[in-house]
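For the numbers below, each heavy atom of this structure counts, side chains included, while hydrogens, waters and symmetry mates do not.
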Amino acid sequence: MKRILCTLLALCLLASAVPAMAITGQEALGLGDGGSDGAASGYPTLQIGSRDGDDAGAYVVMLQNRLLELGYLASAADGQYGAMTESAVLAFQEHNGLTPTGIADDSTQSLLFSTSAQRAPEAVAADSETLRVQQALLRWGFMVGSADGIAGTTTQTAVAEFKDYIYNTCRLSYSAYTTPEPTPEATLAPNAQPVAMDVPLDATQAPESNGQNGEITEDVVRFADGDYAFQVFQQTLQNGNQGAEVWRVQRRLCQLRYLYKPDGSYGALTEYALKYFQRKNGLTETGVADEATQRKLFSGEALTSEEYVFPYKLYVSLDNQRVYAYGWDGSGYNKEVKKFKCSTGMAGYDTPSGTYQSGGRVNAGEWYYFKDYNCYAKYAYRIVGGVLFHSVLYSAKKKGPTNSSVNALGRKASHGCVRLAVDDAQWICENCPEGTTVVIS
């Protein structure tokens, strides 16, 4: 906590739009010693639309990490101030005696990062139809998130997809049940309080799927309550399959923290994740989603994973100025396979510590341009927000890397990103897919 406070005070030397101190050409290329003689002037105001700029600090990430720590934010820090972050700030303000604006101004952040900040109260959802439907849709692979009893965007989308699945995709399997009648537009309970994971929509914007809207109808409730039998198994799935059943398996693996991102295509990452699910749940490790595996997967007894499964997990040591890559061996990340020398943020531009699910490669091309500093790097890979892995710096594409950025590897010299030798940055881009876990400590 003390480290985070110190980091934030140093970051406050930068205004959110205009730096509070001049950056020399040498500093922009990572050639200077960094540091500042200025005094902190307060936290930068953050609100909807704010985002961390590339290689220029991590204000929003710091805010999100603290909201996560205090239990107000349920999703991972991503460096972008969106609706979920606004809802989390609003809840923090309401619970801590501040005017609820949803804007993280100086007074809000001062309290947030203090030892006086009050944690979020434990959420207690009412035993309602919405809650029961959410629990069923989470279990059956139509939804990822949390059951909170609020019919928000995520829930409405899941309900619409469930209805499409029942009445269209698997129509013959459920022909004995009531055919859906036209339903009125969805309405929301008056004064319903939105939460970070599930912000309610206006009724006229209720999501639809192939003609089915997101309203919770009597039929949906009957499936959730077991009056109508939902068939959790339809077909065996394996690497190469696509479609609705793959989506369900992937969403459930995601809900249980084995798979990071569903995409409807059963590939190597899904196979990795399913094998680990089978191992933890006492099933034969085949990587094939057979009937026994799916019945366990879609049950309430399925065991969760400690972390997402990827080929590698990356650790950034701020003390040692090294990046370590550990390979997945079927039960964990237990073997070091790579070690890279790096440069993390210098004083005033500290690289934010934390655990992040990476954004992956920034672009398909080799080059990345930092417009604020008029310099280039190769193989940019987003860790979180504006914090990237990237190569040493170039003043121009046709020239070699700057000697100072190369010589600085092994010590703090960047504006918040993690700089690497060109080959090392390329290895990360080519071997670590989006979502790969990155731990900065």
Whether the Gln278 and Thr284 side chains hold a donor-acceptor pair (N or O, under 3.5 Å, no angle test) is what I'd like checked.
no

Run the numbers on Glu215 and Val159 for side chain to side chain contact (heavy atoms under 4.5 Å, CB included), then give the verdict.
CA-CA 7 Å; Glu215 182 185 4; Val159 169; over 6 Å; no

Using the ring centroid of each side chain, check whether Tyr260 and Tyr308 are separated by less than 6.0 Å.
yes

Checking side chain to side chain donor-acceptor pair (under 3.5 Å) for the pair Thr155/Gln134: CA distance, chi angles, key distance, verdict?
CA-CA 7 Å; Thr155 301; Gln134 288 174 327; 2.8 Å; yes

Backbone N/O of Asn363 and side chain of Arg361: donor-acceptor pair under 3.5 Å
yes

As a quick check of understanding, evaluate side chain to side chain donor-acceptor pair (under 3.5 Å) for Asn65 and Tyr356, giving each step before the final call.
CA-CA 10 Å; Asn65 279 340; Tyr356 307 102; 2.9 Å; yes

With sequence neighbours excluded, tell me which residues meet ring-ring contact (aromatic ring centres under 6.0 Å, His included) with Tyr379.
none

Regarding Lys261 and Glu434, does a basic nitrogen lie under 4.0 Å from an acidic carboxylate oxygen?
yes

Kindly say whether Gly287 contributes a backbone atom to a donor-acceptor pair with the side chain of Gln238 at under 3.5 angstrom?
no

Do Arg252 side-chain atoms and Leu297 backbone N/O form a donor-acceptor pair below 3.5 Å?
yes

Flag, side chain of Asn281 to backbone of Leu283, donor-acceptor distance under 3.5 Å:
no

Find the distance between CD (Gln93) and CG (Asp105) and round it off to the nearest 0.5 Å.
6.5 Å

Are His390 and Leu420 side-chain neighbours, meaning at least one heavy-atom pair lies under 4.5 Å?
no

Scanning both residues in full, the closest heavy-atom pair of Leu314 with Phe389 reads CD1-CE1, 3.7 Å

Flag side-chain contact, heavy atom, 4.5 Å: Val288 against Leu237:
no

Has the side chain of Arg382 got a donor or acceptor atom that lies under 3.5 Å from a matching backbone atom of Gly385?
yes

I'd like to know if the side chain of Thr236 pairs up with that of Glu291 as donor and acceptor (distance under 3.5 Å, no hydrogens or angles considered).
no

Interatomic spacing from OG1 in Thr217 to CZ in Arg222 - rounded to 0.5 Å:
10.5 Å

Can you tell me how far apart OG (Ser146) and CD (Gln135) are? Round to the nearest 0.5 Å.
11.0 Å

Can any side-chain N or O of Gln109 pair as donor or acceptor with the backbone N or O of Ala104 at less than 3.5 Å?
yes

State yes or no: are the ring centers of Tyr312 and Trp427 separated by less than 6.0 Å?
yes

Side chains of Gln357 and Thr436: any donor to acceptor distance under 3.5 Å?
no

Without swapping roles, check the side chain of Thr351 against the backbone of Gly345 for a donor-acceptor pair under 3.5 Å.
yes

Heavy-atom side-chain proximity of Val89 to Leu63 below 4.5 angstrom:
yes

Full working for side chain to side chain contact (heavy atoms under 4.5 Å, CB included) between Tyr276 and Ser305
CA-CA 8 Å; Tyr276 189 47; Ser305 174; 3.5 Å; yes

Ion pair present between Glu285 and Lys275, side-chain N to carboxylate O less than 4.0 angstrom?
no

Nearest non-hydrogen partners of Gln64 and Ala77, listed with the distance
OE1-CA, 3.3 Å

In this structure, NZ of Lys412 is separated from OG1 of Thr344 (nearest 0.5 Å) by 5.5 Å

Between Glu307 and Lys313, does at least one N-O distance fall below 4.0 Å, as a salt bridge requires?
yes

Asp106-Thr108 side chain donor-acceptor pair, cut-off 3.5 Å
no

Got more than 12 heavy atoms from elsewhere within 6.0 Å of CZ, Arg257?
yes

Is it the case that the side chain of Ser414 and the backbone of Cys417 share a donor-acceptor pair, with hydrogens and angles ignored and the cut-off at 3.5 Å?
yes

Taking the six-membered ring for Trp, are Phe223 and Tyr177 ring centroids under 6.0 Å apart?
yes

Does any donor atom in the side chain of Asn96 or Gln118 lie under 3.5 Å from an acceptor atom in the other side chain?
no

Closest non-hydrogen atoms of Val387 and Pro352, given as atom of the first, atom of the second and distance, are CG2-CD, 3.8 Å

Show your working on side chain to side chain contact (heavy atoms under 4.5 Å, CB included) between Tyr258 and Lys280 and close with a plain yes or no.
CA-CA 11 Å; Tyr258 292 88; Lys280 281 188 67 68; 3.6 Å; yes

Minimum side-chain heavy-atom gap Tyr165-Cys170 below 4.5 Å:
yes

Whether the side chain of Arg119 engages the backbone of Glu69 through a donor-acceptor N/O pair (distance < 3.5 Å, no angle test) should be reported.
yes

Hey, could you give me the CD1/CD distance between Ile166 and Glu161, rounded to the nearest 0.5 Å?
12.5 Å

Measure across Gly102 and Leu90 and return the closest heavy-atom pair with its distance rounded to 0.1 Å.
N-CD1, 3.7 Å

Establish, for the pair Arg322 and Phe340, whether the NZ or CZ atom is under 6.0 angstrom from the six-membered ring centre and no further than 45 degrees off its axis.
no

Below 30° counts as parallel, above 60° as perpendicular, anything between as tilted: where do the rings of Tyr43 and Phe113 land?
parallel

Please give me the minimum heavy-atom distance between Glu94 and Pro100, naming the atom from each residue.
CG-CB, 3.5 Å

Yes or no on side chain to side chain contact (heavy atoms under 4.5 Å, CB included) for Val439 and Val316, after CA distance, side-chain angles and deciding distance?
CA-CA 6 Å; Val439 180; Val316 180; over 6 Å; no

Using only heavy-atom distances, determine whether the side chains of Tyr381 and Ser358 contain a donor-acceptor pair under 3.5 Å.
yes

Quick one: are Asp290 and Thr293 in side-chain contact, heavy atoms under 4.5 Å?
yes

Is there a side-chain contact between Leu111 and Ser116 (heavy atoms, below 4.5 Å)?
yes

How far does OG of Ser391 sit from CG of Asp423, to the nearest 0.5 angstrom?
10.0 Å

Do Gln234 and Gln294 have side chains that approach each other closer than 4.5 Å (heavy atoms only, starting at C-beta)?
no

Could you verify whether a donor N or O on one side chain and an acceptor N or O on the other, from Asn213 and Lys163, lie under 3.5 Å apart?
yes

So do Ser441 and Tyr315 actually touch side chain to side chain, heavy atoms under 4.5 Å?
no

Between Gln250 (side chain) and Gly264 (backbone), is there a donor-acceptor pair under 3.5 Å?
yes

I need the minimum non-hydrogen distance between Pro311 and Leu269, along with the two atoms involved.
CD-CD2, 3.7 Å

Is the ring pair Phe162/Trp140 parallel, tilted or perpendicular, if the boundaries are 30 and 60 degrees?
parallel

